[in-house]
Protein chains: 2
Amino acid sequence: MYAMDGLTINEAARVTGWSARMLRYVEQTGLVSPERTGSGYRIYGAAELQRLRTLKELIAGFDVALSDVAFAARIKHDPQLQRAIEDWLNATPQRPQDVDPDDWLRFEQRKHERLLLGAA
Amino acid sequence: MYAMDGLTINEAARVTGWSARMLRYVEQTGLVSPERTGSGYRIYGAAELQRLRTLKELIAGFDVALSDVAFAARIKHDPQLQRAIEDWLNATPQRPQDVDPDDWLRFEQRKHERLLLGAA
DNA sequence: ATGACCCTACCATGCTCGTGTCAAGGTTTG
DNA sequence: CAAACCTTGACACGAGCATGGTAGGGTCAT
């Protein structure tokens, strides 16, 4: 195949700071999936490169794991899971000790506002 | 200490289906932290028991890891992290195929130059 | 006061994550 | 064509998660 407007995996590795191995791994997590040429070569376009760089910053800057970001993505694309997690987390006012149990229950039932990762 | 209105760890274990060992572990993740008596005994109240049960359902029902839920909690309590992850995820037009190819290209090309300059 | 319970602190195991490397084989290109 | 690159698949390995177990030592109820 002739000149595609993108970088091949090792070139992308060099410009993004990831290793080629990790680029394949990241693709496997579903976070950054480059196009393929007819013969199967990965082609990283500007968008993917940018995404890889920011992903790297995100992970380093907040000390989160790749799998954490992958999980966030899963939440985002699975409204049921999102809802379930949100509900579980919202039902935790860490100190329910000086609250009347009955009030507590009614209060919890009305909690439905703040979204976790909803806005798209 | 005299009769507290809650269950001790092994009782809670029996009632929730977790092992006592896991109850301590779950506490360590920060997801469910029972009160303590003056002498340090964990006391699980109705709220904690309910939380443990629903947590179990959540984990089993969606095949999610405890650490995933812990991470979601971290996101929820750290607005900066939440914002960063949200932004990164939202910047994913996973298939830029329904975008006009010409616009897409010109846009990407300009970005490309900038990006290559910034790369080390 | 004694048996049943709790606590913390380890050690051990099996599994997953993140990462490198190497092998066998297709593709691109000078 | 041959060198340089790509692909998938595998083995390897340290670090961390999820669990169980045990040991030494307090606490509670009878």
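Below, read A as the first sequence line, B as the second, and so on, with proteins coming before strands; counting in each chain starts at 1.
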For atom CZ of B/Arg24 and atom P of D/dA18, their distance in whole Å
17 Å

Under 3.5 Å, which N/O atoms of the protein pair with N/O atoms of nucleotides 14-20 of chain C?
unit_1 : atom_1 : unit_2  : atom_2 : d
C/dG18 : OP1    : A/Leu66 : N      : 3.0
C/dG18 : OP1    : A/Ser67 : N      : 3.0
C/dG18 : OP2    : A/Tyr25 : OH     : 2.6
C/dT19 : O4     : A/Arg21 : NH2    : 2.7
C/dG20 : OP2    : A/Ser19 : OG     : 2.6
C/dG20 : N7     : A/Arg21 : NE     : 3.2
C/dG20 : O6     : A/Arg21 : NH2    : 3.3

In whole angstroms, how far is the C1' atom of C/dA9 from the CD atom of B/Glu27?
15 Å

Taking all non-hydrogen atoms of both residues into account, name the closest pair between A/Ile43 and A/Gly6 and its distance.
CG2-CA, 3.7 Å

In whole angstroms, the gap separating P of D/dC28 from CD1 of B/Ile9 amounts to 16 Å

Please confirm whether the shortest side-chain N or O distance from B/Ser39 to OP1 or OP2 of D/dC28 is below 4.0 Å.
yes

Lys/Arg N to Asp/Glu carboxylate O, B/Glu48 vs B/Arg42, below 4.0 Å:
no

If two hydrophobic side chains count as joined below 4.5 Å and joins carry through other members, does B/Leu7 share a cluster with B/Ile9?
yes

A/Arg51 side-chain N/O to B/Trp88 backbone N/O, donor-acceptor pair under 3.5 Å:
yes

Given 3.5 Å as the limit, does a donor-acceptor pair link the side chain of B/Lys56 with the main chain of B/Gly17, or not?
yes

Spacing of B/Gln28 atom CD relative to D/dC17 atom P, expressed in whole Å
10 Å

Can you measure A/Arg14 atom CZ to D/dA4 atom P for me and round it to whole angstrom units?
14 Å

Atom CG of A/Leu23 and atom C1' of D/dT7 are separated, to the nearest Å, by 14 Å

Interatomic distance, B/Phe71 CZ vs D/dC17 C1' [rounded to whole Å]
16 Å

Spacing between A/Arg42 atom CZ and D/dC5 atom C1', to the nearest angstrom:
13 Å

Taking the nucleotide of DNA chain C with the nearest heavy atom to each, does A/Tyr41 or B/Tyr41 sit closer to the 5' end?
B/Tyr41

Answer yes or no: does a side-chain N or O of A/Arg36 lie under 4.0 Å from OP1 or OP2 of D/dT8?
yes

Quiz question: by atom type and distance under 3.5 Å, do the side chains of B/Gln50 and B/Arg53 form a donor-acceptor pair?
yes

Does any part of the side chain of A/Asp68, heavy atoms only, come nearer than 4.5 Å to the side chain of A/Ile59, both counted from C-beta?
no

